[in-house]
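Report on the structure given below.
In what follows, chains carry the letters A, B, and so on, assigned in the order in which the sequence lines appear, proteins first and then strands, with residues in each chain numbered from 1.
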Protein chains: 2
Amino acid sequence: MMAGMSSALRLPSADTPFTNPLDGLLGYQLRRASAVMLADLSETLADLDLTVTEVSILLQIDANPDITQSDIGRILAIKRANMAPMTAALQERGFLDRVAADGRSQSLRLTERGRTICNEVRDRISRHEARFLPDISPAEREALIEMLALIWVG
Amino acid sequence: MMAGMSSALRLPSADTPFTNPLDGLLGYQLRRASAVMLADLSETLADLDLTVTEVSILLQIDANPDITQSDIGRILAIKRANMAPMTAALQERGFLDRVAADGRSQSLRLTERGRTICNEVRDRISRHEARFLPDISPAEREALIEMLALIWVG
DNA sequence: TATTGTTATACTCTATAACTATA
DNA sequence: TATAGTTATAGAGTATAACAATA
């Protein structure tokens with residue numbers, strides 16, 4: 001699916017005789033770095049047959065029991081219309097249950113299977129994260145993450 | 001097209017009573033930050049009827065006259081098969097010309113119109129970049145950009 | 001035998017529109 | 001009147017496969 005993608009994405013520009021006028025742009029570096037980490041995480045989860053978006057949803061429910069799918073959509077910037085088939089699929093696979101909260105809202109809860117897969121996913125994400133920028137200090141890493149949050153948190 | 005997208009993406013998590021277990025992840029912060037900057041750049045270029053990928057191609061040609069579309073694809077991680085319709089469209093719109101380099105390769109060059117649009121695009125990209133993290137020093141910004149390059153440059 | 005350019009095609013992601021039911 | 005959930009659908013972006021022409 002994404003096999004071989006991250007290695008292709010990671011070809012260093014030093015391999016070419018060309019200059020890349022985008023190299024000094026924050027937006028460009030964000031896009032390339034994000035694509036490589038996303039591809040790596042996707043490979044990391046492939047044998048579980050879970051997408052990055054699906055595990056993001058499961059982890060939200062695990063951290064916020066009885067959250068609704070609309071709330072998850074607002075947190076993760078996924079439209080209501082696109083949340084519906086994802087939660088339906090995750091329920092069909094036995095990772096979550098739905099309980100009527102009121103007449104129109106449904107509380108989402110993980111099943112035992114959902115909680116088990118979340119533990120496995122957290123382990124894999126930890127190892128995935130540790131593969132990138134292994135040489136910077138925890139303080140530098142935290143500063144980097146906080147700086148990135150400033151870009152998109154209003 | 002992407003109207004209103006960046007404002008929706010930038011809704012702060014503080015607006016919700018939920019905790020986001022992804023907040024501390026480098027990959028998550030990269031994805032959100034990248035999406036917001038991409039959406040902003042897309043809006044910035046919308047009235048020129050140019051996509052972010054199209055201007056990336058034009059800027060590569062401007063910086064590397066007579067580059068081939070395969071080389072651009074390698075630099076930007078765009079597959080040959082997807083480069084073909086893009087360069088065809090940019091040529092049809094009068095932004096670039098093709099000259100046979102050898103029997104199978106074509107040198108790409110910007111037309112006068114292509115160079116003019118590149119100047120406008122560079123101005124807009126500069127203002128776009130300046131809208132993000134306006135309070136950090138140039139040195140901090142450069143350090144951030146170099147750190148991001150370490151993530152994806154092999 | 002490998003590379004360039006091209007076409008066809010499929011899959012994912014994400015967007016809008018429209019609908020029902022409920023607050 | 002606004003919101004939750006759903007379905008249908010359309011547009012990007014990106015993947016593979018196959019082909020002809022050339023190195």
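Distances from the side chain of A:Arg80 to the nucleotides D:dG5, C:dT4, D:dT7 place D:dG5 closest. The side chain of B:Lys79 lies closest to D:dA15 when the candidates are D:dA15, C:dA15, C:dT6. Among C:dT7, D:dA4, D:dA15, the nucleotide with an atom closest to any side-chain atom of B:Asn82 is D:dA15. Of the candidates D:dT6, D:dA17, D:dT14, D:dT14 carries the atom nearest the A:Arg31 side chain, counting heavy atoms from C-beta on. Closest to the side chain of B:Gln69, from the set C:dT4, C:dT6, D:dG13, is C:dT6.
Screening residues 144-154 of chain A for salt bridge (charged side-chain N to carboxylate O under 4.0 Å, His left out), with sequence neighbours left out, gives no hits. Residue pairs meeting the salt bridge (charged side-chain N to carboxylate O under 4.0 Å, His left out) criterion with at least one partner in residues 116-126 of chain A, sequence neighbours excluded, are A:Asp47-A:Arg124, A:Asp62-A:Arg122, A:Glu120-A:Arg124. Judged as a ring pair (Phe, Tyr, Trp, His ring centres under 6.0 Å), the pairs with a partner in residues 73-130 of chain B (not counting sequence neighbours) are, in order, B:His128-B:Phe132.
Counting heavy atoms from C-beta on, the side chains of B:Gln60 and A:Leu22 come closer than 4.5 Å. With a 4.5 Å cut-off on side-chain heavy atoms, A:Leu150 and B:Ile136 do not count as touching. Contact check for B:Leu76 versus B:Ile72: side-chain heavy atoms found under the 4.5 Å cut-off.
As a whole-Å value, the separation of B:Ile78 CD1 from D:dG13 P is 9 Å. One interatomic measurement links the two molecules: CE of B:Met86 to P of D:dA15, which rounds to 11 Å at whole-angstrom precision. Rounded to whole angstrom, the span from the CE atom of A:Met83 across to the P atom of D:dA8 amounts to 19 Å. Following rounding to the nearest Å, B:Arg32 (CZ) and C:dT14 (P) show an atom-to-atom distance of 11 Å. Rounded to whole angstrom, the span from the CG atom of B:Leu38 across to the C1' atom of D:dG13 amounts to 11 Å.
In this view, B:Asp49 and B:Arg93 satisfy the salt bridge (Lys or Arg N to Asp or Glu O under 4.0 Å) rule, not counting sequence neighbours. Partners of B:Arg113 according to the salt bridge (Lys or Arg N to Asp or Glu O under 4.0 Å) rule, which considers only residues two or more places apart in sequence or in another chain, do not exist here. B:Glu92 meets the side-chain contact (heavy atoms from CB on, under 4.5 Å) test with no other residue; sequence neighbours excluded. Every residue two or more places apart in sequence or in another chain that forms a salt bridge (Lys or Arg N to Asp or Glu O under 4.0 Å) with B:Asp66 is listed here: B:Arg109. In this view, A:Ala89 satisfies the side-chain contact (heavy atoms from CB on, under 4.5 Å) rule with no residue, not counting sequence neighbours. A:Ser137 pairs by the side-chain contact (heavy atoms from CB on, under 4.5 Å) definition with A:Ala139, A:Glu140, not counting sequence neighbours.
Each of B:Asp71 and B:Pro85 lies near DNA chain C, and the nucleotide nearest B:Asp71 is the one positioned closer to the 5' end.
B:Ala88 comes within 4.0 angstrom of no nucleic acid atom, judged by non-hydrogen atoms across all strands.
Within residues 92-111 of chain A, the residues that have a heavy atom under 4.0 Å from DNA chain D are, in order of number, A:Arg98, A:Arg104, A:Ser105, A:Gln106. Contact check of residues 52-65 of chain A against DNA chain C (heavy atom, cut-off under 4.0 Å) returns no residues at all.
Taken over five-pair windows at either terminus, the axes of the helix from C:dT1-D:dA23 to C:dA23-D:dT1 are inclined to one another by 20° (rounded to 10 degrees).
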